[in-house]
Amino acid sequence: MKVKFTNLYKLAPNKKKIFSRIKNLIANSNFIGGPEVINFENSFKKYTGSKFCITVANGTDALEIAVNSLNLKKGGEIIVPVNTWISTAEAVVNNGYKLVFCDISLDDYTIDLEDLKKKINKNTSAIIVVHLYGNPVRMNKIKQIIKNKNIKIIEDCAQAHGSKIKNKHVGTFGDIGTFSFFPGKNLGAFGDGGGIITNSKKIADYCFRARAHGALLKYDHKFSGRNSRLDSLQCAILNIKLKKYKNVIKKRSKFAKIYFNELKKIKTIYTFKRFKNNIYSYHQFVIRVNDRNRLKKYLYENGIETMIHYPYMLNELKFFKYKKKLKNSFKLGDKLLSLPISEEHKISEIKYIIKTIKNYYN
Ligand SMILES: Cc1ncc(COP(=O)(O)O)c(C=O)c1O
């Protein structure tokens with residue numbers, strides 16, 4: 001059997017409907033702005049339970065605009081977990097703030113609360129938490145840690161569409177939340193895409209302008225922004241996909257349950273800890289093993305594609321010039337392995353992956 005990590009073609013449901021919508025947009029020369037964009041922003045803010053949604057060109061821009069929107073003091077420090085996609089750190093550096101890396105918890109790979117406490121000082125302006133793999137960060141604990149301190153929270157939800165804590169969507173706990181709609185994401189467009197959510201009108205007003213050269217209307221520039229609009233075609237696709245997104249979470253949760261039940265029988269595999277009252281988007285199903293490269297090769301030889309998120313921690317990238325060692329994440333990139341989990345997989349494929357892993361350890 002051959003199991004792809006993801007099959008982007010199969011991930012696009014309802015292709016007829018999508019083609020017909022695209023045809024319509026082309027017929028009306030409606031490429032930038034318009035009803036598809038407004039509808040998606042309205043639907044996504046409703047879906048996440050936030051007051052405002054601002055679509056942007058990608059998840060990286062979403063983070064950069066989010067950091068900028070908070071008006072942080074010049075030269076302030078922003079804390080970022082080391083196990084994440086590089087954009088989270090770029091948003092800090094590209095805005096001229098000081099990047100401070102924080103360790104991650106080996107329970108669920110999100111920011112480590114003990115190290116976070118150590119990293120906070122009088123220069124700390126903000127923390128970017130990452131709901132990595134769709135695992136919700138313990139937001140209430142984070143809020144307790146920064147209580148009475150002037151520290152802002154940005155939530156990177158690029159991998160966490162639909163992840164919730166006590167029924168509250170991630171991205172709504174801090175000051176601002178950011179999303180990616182990159183094709184491989186749980187809610188993916190047919191190209192790059194991103195979004196920002198916030199409950200603050202002031203922040204939203206800034207973001208709406210920042211994504212369009214500082215203007216809301218033509219020639220109404222109030223400051224120097226950028227071009228980071230999400231186009232109508234992408235929004236049309238996202239509108240169609242969002243309507244059925246509940247099924248995506250359902251399917252991924254079903255596969256995750258099978259993985260958890262079966263893999264717990266293998267003592268050398270660590271899956272990850274889940275917390276009560278959370279809903280997980282299961283963007284990635286990541287296991288931790290000491291013999292990762294050998295297992296990855298064995299799975300590949302048996303037709304199973306896997307990936308690594310991520311092969312190194314960001315503090316290991318030399319150009320970030322971060323010298324301090326972090327305990328939990330040290331050489332973690334050699335042990336992580338992401339198993340296929342997406343709604344287009346079949347139960348038989350998930351069972352085949354488990355059987356192959358069991359064969360390997362036998
Ligand atoms: C955690 C995280 N943050 C930010 C991004 C950036 O999103 P984009 O690729 O849409 O710019 C990604 C995308 O991979 C991500 O996984």
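For ligands, and for the atoms within them, numbers begin at 1 and follow the listed sequence. This is a predicted model, so every value here is computed, not measured.
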Result for side-chain hydrogen bond (donor to acceptor under 3.5 Å, both in side chains) between Thr88 and one of Asn83, Thr60, Asp156 points to Asp156

Output the list of atoms in ligand 1 that are nearer than 4.0 Å to some heavy atom of Thr84, sorted by atom number.
1 (C)

Using a strict cut-off of 4.0 Å, indicate which atoms of ligand 1 neighbour a heavy atom of Val130.
1 (C)

Flag Asp156 as yes when one of its N or O atoms lies below 3.5 Å from any N or O atom of ligand 1, and as no otherwise.
yes

Is Tyr310 in contact with ligand 1, taking contact as a heavy-atom separation below 4.0 Å?
yes

Measure from the ring center of Tyr47 to the ring center of His161 and say whether it is less than 6.0 Å.
no

Quick check: Gly59 and ligand 1, any N/O pair under 3.5 Å apart?
yes

For Tyr361, look at atom OH and say whether over 12 heavy atoms of other residues, nucleotides or ligands are found less than 6.0 Å away.
yes

If you take the centroid of each ring, where Trp contributes its six-membered ring, are Tyr259 and Tyr282 closer together than 6.0 Å?
no

Atom 2 (C) of ligand 1: nearest protein contact (heavy atom, Å)
Ala158 CB, 3.4 Å

re atom 5 (C) of ligand 1, the protein heavy-atom contact at minimum distance is Trp85 CD1, 3.5 Å

Sort out for me which residue in Lys46, Arg229, Arg211 forms a salt bridge (Lys or Arg N to Asp or Glu O under 4.0 Å) with Glu41.
Arg211

Tell me which protein heavy atom sits closest to atom 11 (O) of ligand 1, plus the residue, atom name and distance to 0.1 Å.
Thr60 OG1, 2.5 Å

Counting C-beta onward and ignoring hydrogens, is there a side-chain heavy-atom pair between Tyr133 and Tyr280 closer than 4.5 Å?
no

Name the closest protein heavy atom to atom 6 (C) of ligand 1, giving the residue it belongs to and the distance to 0.1 Å.
Ser87 OG, 3.3 Å

Lys168 to Phe173 six-membered ring, cation-pi geometry met (6.0 Å, 45°)
yes

For ligand 1, is there an N or O atom under 3.5 Å from any N or O atom of Lys185?
yes

To the nearest 0.1 Å, how far is atom 9 (O) of ligand 1 from its closest protein heavy atom, and which atom is that?
Ser180 OG, 4.1 Å

Check whether any N or O atom of Asp192, backbone or side chain, sits under 3.5 Å from an N or O atom of ligand 1, and answer yes or no.
no

Take Asn121 and Glu77, measure what side chain to side chain donor-acceptor pair (under 3.5 Å) needs, and give me the verdict at the end.
CA-CA 9 Å; Asn121 63 46; Glu77 295 183 1; 3.2 Å; yes

Does the separation of the ring centres of Phe44 and Phe179 fall below 6.0 angstrom?
yes

Could you find the nearest protein heavy atom to atom 16 (O) of ligand 1 and give me its residue, atom name and distance?
Gln159 NE2, 2.9 Å

